[in-house]
Amino acid sequence: MTQKTRDDQTLKWVGTRPIRPDGVEKVTGRARYGADFARPDMLWAKVLRSPHAHARIRSIDVREALALDGVKAIVTGDDLPEIASEQAFVGEEPTDYRMMSQNVLARGKVGYVGHAIAAVAATTSAVAEEALGLIEVDYEILPHVLDAVSAIAPDAPLVHDDLCDRKGEKKAPSNIANEVEMGHGDPEAAFASADFVIDRSFTTQAVHQGYIEPHACLAEAGPDGQVTIWCSSQGQFMIRGYTAKLLGLDLAQVRVVPAEIGGGFGGKTTVYLEPLAVALSQRSGRPVKMVMSREEVFRATGPASASRIRVKIGATRAGNFVAGEAWLDYEAGAFPGSSVAAGSMTIFAPYAFEHARSHGRDILVNKPKSAAYRAPGAPMAAFAVESVVDDLARQLEIDPIDLRLQNAAQEGVQSSFGPRYKRIGFVETLEAAQAHPHYDAPLKANQGRGVAAGMWFNAGLQSSAAVMVNADGSISVISGNPDIGGSRASLAMMAAEEFGIAYEKVGVRIGDTASVGYNDVTGGSRVTLATGKMVVEASRQVIAQLCERAAKVWDVDVERVQWADGKATVPDDDTIKPLGLAEIATGAGRTGGPIQASASGSVRGVGMSFAVHLCDVEVDPETGKVDVIRYTAFQDAGRAIHPSYVEGQIQGGAVQGIGWALNEAYVFDESGRLENPGFLDYRMPVASDLPMIDAVIIEVANPDHPYGVRGVGEAPIVPPIPAVANAVRAATGVRFSDLPLSPPRVLDALDPAS
Amino acid sequence: MEYAAPRSLDEAIGLLSQVGVDARPMAGGTDLLVQLRTGTRRPKLLVDLKQIPGLCGIDCGSQGFRIGAAVSGAEIGECLPLREAWPGVVEATELIGSTQIQGRASLGGNLCNASPAADSVPALIAAGAVCTVIGPGGRREVPVEEVVRGPGETTLSEAEIVVDFRLPQPQEGTGDAYQRMIPRTEMDIAIVGAGVSLRLAESGECLACRVALGAVAARPIRVDAAAEALIDRRPDAAALGELAAQASAAADPIDDKRGTRAYRSRVAGVLARRAAEMALRRAGPRRVAGSPAS
Amino acid sequence: MSKRHVTTTIDGESREFLCEDEQTLLDVLRDVLMKTGTKEGCGTGDCGACSVMLDSRLVCSCLMLAAEAEGRVIETVEGMAEGDRLHPLQQHFLEEAALQCGVCTPGFLVAAQALLARNPDPSEREVRFWLAGNLCRCTGYDKIIRAVLAAAAEMRGADA
């Protein structure tokens, strides 16, 4: 059997825009999300949460709550096993199991307002709610710390008394949970040879992923110890792994059935409710359902870290970047594990620096534990570095895209985070932006245009997929990754392409943890890339089997059989009539039984995706209000399997970034209580805030993927913040270094007299 | 909590009197049900006013308009004669929440929820709206600016209900407008709101003017000093500048998560001026018929 | 206290249910009648995921007591398609890839249907403002707006 190469001429499905396989059920309301499951005799559970930012728990008295009619079980921290410190194996931000367990249910002390203290299961949610009010917690209130600057002051209260491991060394306990450093060359010395050096500091606030579906799950623990969990997450295997670990269960005892997921953006790569629901089900002997309120989502899940970043870049008069150095402090929240390492890796990644270094610190504060959010750590780093690059362009009087082109990372360049780049499409993406009519379009008074770039890695990680030939010649694909934005379609398209059959003949299902091999989370822009690669591999194995079966039927040497357009043929003998997929499948019982294959692997050799965004804003000089009036986003997708969903990722990421730039921010009062735990005052962009977002796909094939795919989901949130800030700089002459660019901040900067 | 949907005013007032402070009247419920959910209010009885004929419907007559206190924003927006006469009031009402909220939210609820930032209230004050209040003590007419006492608190007595709002037919040369500042384009609570209603003589001189501000004090306020900047004068740039300065000076806002004191004071002037400018355009001799673009 | 008995019409079917007075229409749709097509994103009227039609008026079902549904006509996303024939809005949401995760989609569809019933030829700006109460975090709204405009055009053509 020979394999054909995939070039544009032979592709039938890749690059087209078919309707997604799960589309109809999602437009008719039949798709089932996390909160859409029910079981007979089900209980409802609610969580008691800390009203204090930092306090020791002296005692918890649940007797009165347990006595309430309808209450069936209560769990507190004492009911969960103590977990040894151990690094978690999947997810997007580093996590330690011991800390994860303490975040799921406080032990001994609470670290933020909203920290879970106890969970109650009752016959109705109203009874569970009432019972929460009957639990008596005796707190010893401790001094708290709410920002990274205060947290590293010498006399700061310690969020954890015993955290002293940093860079593998024991040090005195402090709120610096971790430090990272990376880069090459000697920036400090090199700055001396620069004609211009810009050194500036930036701050950003915590922001939430803002998925519309709150966390929800349903768990049922049987008397035999078997546990089933129905829930929405970015990984059924992640939920299984974390829940089993936190409760001391064997993985084989736990089955997780993935619901449709109503948005995640990194925020559903960990557990909050599932271990509680299982523990309550074990104690009550009944299924237990839990659904967070929006307020709980804001207070106790996410967010992305607040940050303080200092960036220093030196350049020659001719515009060559000589050296870059950056210092990044990210708030981890009450447990270690911000995205500062990724921020430190990406901050100089788009550019070729002879000397580059970044220093990152993971800082504990009494706020909710940060979680991954789309290109974790990169947007705030890009805000800092791309603002400085914009200022350099202005100072050097060089076109900002020319300056970026002049210093752009490309194949062979040593990246600031270590490896040398393979084939990447940053230059092509910059060139596309520069050539686009948007770049030269005229602007009116009070309007300005900003440009910014950004990159994000593609995670490879572990993936599995199964491909089965059905008796009628249709193909079933089972993936182990929740479909968060159309990946069923891209997997089906690649399978259809491999088999040379109609897209409609391929069914894609997301399997539960007992029906498909292990998969890491849907995250890191990896599903179409890595799980897609496994679908392609499994399909090719199945095709090899199909050719063998045909060879058996014809009694010819299998080497002579070729697979094309859904048929096995013998090209060197036109007397042999080709055998179609359905014919081979129907006869499979006589040629060796069912035909199927699965593929698993740790996917390596992944691409990088680069994005360049153009943003026009109009600033109201009397109110400070910034309106985005035109936006064009360019991105190297390697190859767009389903261009509509690639565009969708680009548009959605851009708008999340616009929200982050303009109005989204966690607002805490002095006691550490979040003041805006709802969509009314946590201001995500609404439809009327925005223009159309033009998405321009650039295709510089990833040499390590069978179809050239690069993961596209995350890079588009990296450039928007600096693109907006640079546009506001152009419109107003003011460089903003602090987010968000809300009307009061902008007006205050335009006319400080007010 | 119990729910009751009386069919008559007497029945409603009876229920409210009987249960006292633990009862809460409800019109659209778009604020109240949120307060229930977040635990801000925990009434024992909700008295739904939407089945009471006196609180429903809009009457348009030669003497003016009667708008039932429980009429939804969507219905108000569809009443073309009202929009023609008092576009500022209608537009302010339409700014209350989303399309979905408009399907339920009412003028009575917006007023009696007693938020300093209620969008319809400055526009109603500027337009000189009067509401009919009926309670166990009988019926009284109350200017809208006298209803709100402070955040979440009204001047109404126990079991009193706002039944309707009355607006006159505007005299020749009248124009009104409402402007608000929010960080987004929709879905926010006003950081500042400004309503202006004025009347121009044929000479172009301003004969009458009322200015009201929202979200810059403990309750929506009428700012006569700002209005006086225009009255008996030609509304030129200098007069409008003074109106803005007076509006800013009258603002006594707080710093909160939505905006700073300095910002609110300054923008109060800007919005008062912009509302006045729009009202002036509308007051011009040949008012364009039909509904303006939203 | 015993439960309240409510008679109503939902998606063209006459329905009766029992509820507590404090339950919202959304609670009853999802947890009593098991009509989970209507979603809860916030419970406070800020996201539009629970949008339904109440006597032909667009409302948030989280901001309405179930008891208020007595004698009323309610339409949800589950009643939009006629059998297996999708409503043009549903079809165009699929064709334009106007959904990614899809959890906001039911609310958008119901809200957009309400718009087109009033205004068969809305401008982009009118669509954006009408749908401002429906939050979507995945799409940046672009493809949603295009889908609504495309459906409107098709429906105008069909009516002509």
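To find a chain, count down the sequence lines: A is the first, B the second, and so on, and within it residues start at 1. No hydrogens, no waters, no symmetry mates; every other heavy atom, side chains included, goes into these values.
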Trainee: Do you know which of Gln23(C), His87(C), Arg30(C) has the most heavy-atom pairs under 4.5 Å to chain A?
Mentor: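 Heavy-atom pair counts peak at Arg30(C).
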
Trainee: Relative to chain C, which segment of Arg30(A) carries a heavy atom at a distance below 4.5 Å: side chain, backbone, both, or neither?
Mentor: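 Arg30(A) has no heavy atom closer than 4.5 Å to chain C.
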
Trainee: Between Thr105(C) and chain A, with a heavy-atom cut-off of 4.5 Å, which part of the residue counts as in contact: side chain, backbone, both or neither?
Mentor: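 The answer is the side chain of Thr105(C).
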
Trainee: Based on non-hydrogen pairs under 4.5 Å, which of Leu99(C), Asp31(C), Ile144(C) is most in contact with chain A?
Mentor: Leu99(C)

Trainee: When the ring centroid of His208(A) is compared with that of Phe298(A), is the distance short of 6.0 Å?
Mentor: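 Centroid separation for His208(A) and Phe298(A): below 6.0 Å.
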
Trainee: Parallel, tilted or perpendicular, judged at 30° and 60°: which one describes the rings of Tyr373(A) and Phe265(A)?
Mentor: perpendicular

Trainee: Please classify the contact between Asn134(C) and chain A as side chain, backbone, both or neither, with a heavy-atom cut-off of under 4.5 Å.
Mentor: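 Answer is neither: Asn134(C) stays 4.5 Å or more from chain A.
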
Trainee: So which of Gln651(A), Glu25(A), Lys26(A), Gln656(A) has the biggest tally of heavy-atom pairs under 4.5 Å with chain C?
Mentor: Gln651(A)

Trainee: Contact between Asp121(C) and Leu116(C) at the side-chain level, heavy atoms closer than 4.5 Å - yes or no?
Mentor: no

Trainee: For chain A, which of Ala81(C), Pro106(C), Cys42(C) has the most heavy-atom pairs under 4.5 Å?
Mentor: Cys42(C)

Trainee: Is a side-chain N or O of Tyr141(C) found less than 3.5 angstrom from the main chain of Cys136(C), in a donor-acceptor match?
Mentor: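 Side chain of Tyr141(C) to backbone of Cys136(C), a donor-acceptor pair under 3.5 Å: yes, one is there.
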
Trainee: Nearest 0.5 Å please: distance from the CD atom of Glu124(C) over to the CG atom of Asp142(C).
Mentor: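 Answer rounded to 0.5 Å: 8.0 Å.
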
Trainee: For the residue pair Val127(A) and Trp44(A), establish whether any side-chain heavy-atom pair is separated by less than 4.5 Å.
Mentor: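 Heavy-atom side-chain distance check fails, nothing below 4.5 Å.
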
Trainee: Could you have a look at Lys39(C), Glu78(C), Met80(C) and say which one has the most heavy-atom pairs with chain A under 4.5 angstrom?
Mentor: Lys39(C)

Trainee: Tell me, out of Leu131(C), Leu135(C), Leu109(C), who's got the most heavy-atom pairs with chain A below 4.5 Å.
Mentor: Leu135(C)

Trainee: Below 4.5 Å, heavy-atom pairs only: which of Gly45(C), Cys101(C), Gly133(C) has the largest tally toward chain A?
Mentor: Cys101(C)

Trainee: Ignoring hydrogens and angles, write down the donor-acceptor pairs under 3.5 Å from the side chains of residues 56-66 of chain C, residues two or more places apart or on other chains.
Mentor:
{"residue": "Arg57(C)", "atom": "NH1", "partner": "Glu78(B)", "partner atom": "OE2", "Å": "2.6"}
{"residue": "Arg57(C)", "atom": "NH2", "partner": "Glu78(B)", "partner atom": "OE1", "Å": "3.3"}
{"residue": "Ser61(C)", "atom": "OG", "partner": "Cys50(C)", "partner atom": "O", "Å": "2.8"}

